[in-house]
Structures are given as structure tokens and as C-alpha cells.
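One structure below.
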2 protein chains.
Amino acid sequence: MTAARPFADVLQRLRSAGLRPTRQRLALAKLLLENGDRHVTAEQLHSEARQASIPVSLATVYNTLHQFTDAGLLREVVVAPGRSYFDTNTGDHHHFFYEESGRLEDIPGDQVVVGALPAAPSGTTIRRVDVIVRLGERE
Amino acid sequence: MTAARPFADVLQRLRSAGLRPTRQRLALAKLLLENGDRHVTAEQLHSEARQASIPVSLATVYNTLHQFTDAGLLREVVVAPGRSYFDTNTGDHHHFFYEESGRLEDIPGDQVVVGALPAAPSGTTIRRVDVIVRLGERE
DNA sequence: GCTAATTTTAGAACTCCTCTAAAGTATTGA
DNA sequence: TCAATACTTTAGAGGAGTTCTAAAATTAGC
């Protein structure tokens, strides 16, 4: 429980979310969580899995990504219509989005962005604050 | 140039964007810009136009929304996969998104949110900063 | 008006994503 | 350990939202 740490966590977290640790879920978790901070689309993860000889259907990739998101292992970031990323960094942080290339990247944590939060309208709570800094090429 | 002000502006702005002021574009501009701050989806605007007896195709609504966005008359806000709004307020401001109902709303301007901006990575410029405060029902 | 350039349109097509129902796999309890 | 049960995976169909296409209509310039 030292080197395989993040992976051991996954088993725990799947169980406590009521998710069976199936072959597919464990393999996808491995791809996602044992390679540092990542931002992947469902299609990307699907083709990555197949290249790694993990036969898994696209539907399962979508199911799994959403289940992991609900379980708090991932966070979904929507950057453009029809372009949705899943981020393995679930901590409080924000994103750079490169509009030309479509790349998404974490903003280093020390470069604070959010100052004062507005009051939530009555009857509501703030679930999350998403900040996306959209970048273009310097002209 | 007092009451019809925003509309007169539109003609100007269309022309300077190289867009002909066609019947459809003017009618959509009227719907969008003469009713205060609005957040509409393409489908919403399309059915609104047809109810107002403005025969316009969905393709034209999409074209027009994008052309207006490029011309700086609108701003696009993507809140969820397959849910994209066009905002008639092009000033510097941010949004509340009600996750239950799918509603999008401006955050009142005096409730400041963004503090320090991060430095743009080299070779890039910041085009825009989108802040979406996601709301849930208070439990 | 006449001509050329732009715009609109209906419908097909496309992308991303979800659903369906059947087959497969994991878990439970005897 | 093995059946019974519950959950999961899958391929392919289906759906939502958006873009494309090529032809018809409109607009602008002369």
C-alpha cells in the first residue's frame, strides 16, 4: 500500500459508491488515475483502452466516466458544444482552454483566480464554481 | 436615435461586420436585443420566432446566432454537453446556472467574483474568462 | 432592372451521447 | 460450492443538437 496507493483507493471508493470492481472499471481507473493529472474525452479514453488491449465498449466508457464522476473520482468540464472533458484532478482548481487546439489544462494552483463569491440565490446552494480561461494565440 | 437605439446600432454593427441586414437577421436581432438581457438556446429562439410569425429556418437561426456572436453582439455560454446559450449581455459578467432547471442567469455585476488572473502561458493571450456558478436546490 | 454576390432553406448528415434488451459477470446465501 | 439474484457490459439502434449541402430566393451595385 505504498506504490499502488491510488489504485487501492479506487477499490475502496468504488465499493463505497456501490460500484462493483469489474474488470472494465478497474482497467479504466488504472488508465485514468495512474498517470498523473489527465483531461480526457470519452472517445479518447475509449481508443486508449483499445490500444492497451482492454476490450471495452464506448457505452461502458461513458457509463464508467459518469459513475466515477458521481463517486467523486472525476470531474466533468464542458468547454464547447460537443466537447466535454473528464478531469482526474478533483481538487479545487480551474482551467486554461486553448481554443485553437482544443486542449484543456489545469491552472497552476498558486495562481489564484476566484476572489469573492456571490451569494447563492435564496433556496439554492453553490455546488461548484467553474472558471475557464480561454486562450488564443498571441497575434 | 433614442427609443429605437439598440436597433439602430444593430444595423450599423451588421454592416460593419459585412453582414447584410436581411429580413431574418433584423427580425432575430429585434427579438434578441429589444427585450433586455436574455439567455436563449437556438431551439428556443427558433420557436419564438415562428410563434411571432417570423418564418425562419433552424439553420438560419444557428447561422445568425454565430454571426452575431462573431460580430460581438452576443456571447455564447456552454453549460452542459448539448446545452449552449447565447447571451445578449456582452459586457464583462458571469453566470449562475441552475442545474435542476437548466436556467442560466447573470450574476449581478456588483457581486465580484474574479480576483487575480493567472498569467497567460507564453505565446497565448487570454480571450475571455468564463465563470459559471453551478447551483443546486438547498437541502 | 440586370447581374453578381450573398443568404436562406429543407433536408440530409454528422457528432456526441444515451438507451435497449440480451448476454455475461459478480455477489450472496445456503 | 453452487445456484439464485443482482448488477454490468455490450452492440447497435436511437435521439438531441448542430452543421452541411445544393438549390432557390434575396439583396446590393451598377
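Letters A, B, ... mirror the listed sequences (proteins, then strands); counts begin at 1.
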Kindly write out the residues that satisfy side chain to side chain donor-acceptor pair (under 3.5 Å) with [X], not counting sequence neighbours, or none if the list is empty.
{"X": "B/His46", "value": "B/Arg50"}
{"X": "B/Gln24", "value": "none"}
{"X": "B/Glu100", "value": "A/Arg127"}

Worksheet item: Sequence neighbours excluded, which residues qualify as side-chain contact (heavy atoms from CB on, under 4.5 Å) partners of B/Leu117?
Response: B/Val114, B/Ile126, B/Val129
Fill in: Identified side-chain contact (heavy atoms from CB on, under 4.5 Å) counterpart of A/Asp87 within the set A/Val40, A/Leu74, A/Asp106, A/Thr69
A/Asp106
Worksheet item: For nucleotides 14-30 of chain D, read 5' to 3', which letter fits each nucleotide if B means a protein heavy atom sits under 4.0 Å from the base, S means only the sugar-phosphate is that close, and - means neither?
Response: ---SBBB------BS--
Item to complete: Would you mind listing every salt bridge (Lys or Arg N to Asp or Glu O under 4.0 Å) that reaches into residues 16-29 of chain B, with sequence neighbours excluded?
Response: none
Worksheet entry | Pair listing, salt bridge (Lys or Arg N to Asp or Glu O under 4.0 Å) test, anchored in residues 51-79 of chain B, at least two apart | B/Arg75-B/Asp130
Item to complete: Could you name each residue pair satisfying ring-ring contact (aromatic ring centres under 6.0 Å, His included) that touches residues 15-43 of chain B, not counting sequence neighbours?
Response: B/His39-B/His95
Discussion item. Rounding to 10°, can you tell me the angle the first-five-pair axis of the helix from C/dG1-D/dC30 to C/dA30-D/dT1 makes with its last-five-pair axis?
Written reply: 30°
Report, one line per pair, each donor and acceptor closer than 3.5 Å where one atom sits in a side chain of residues 52-61 of chain A; sequence neighbours left out.
from    : atom 1 : to      : atom 2 : distance (Å)
A/Ser57 : OG     : A/Thr60 : N      : 3.2
A/Ser57 : OG     : A/Thr60 : OG1    : 3.1

Discussion item. Using a 4.0 Å cut-off to any heavy atom of chain A, which nucleotides of DNA chain C are the first and last in contact, reading 5' to 3'?
Written reply: C/dC16 to C/dT27
Practice prompt. Could you work out the complete set of other residues in the hydrophobic cluster of B/Ile132, with links drawn between I, L, V, M, F, W and Y side chains under 4.5 Å apart?
Written response: B/Val77, B/Val79, B/Tyr85, B/Phe97, B/Leu104
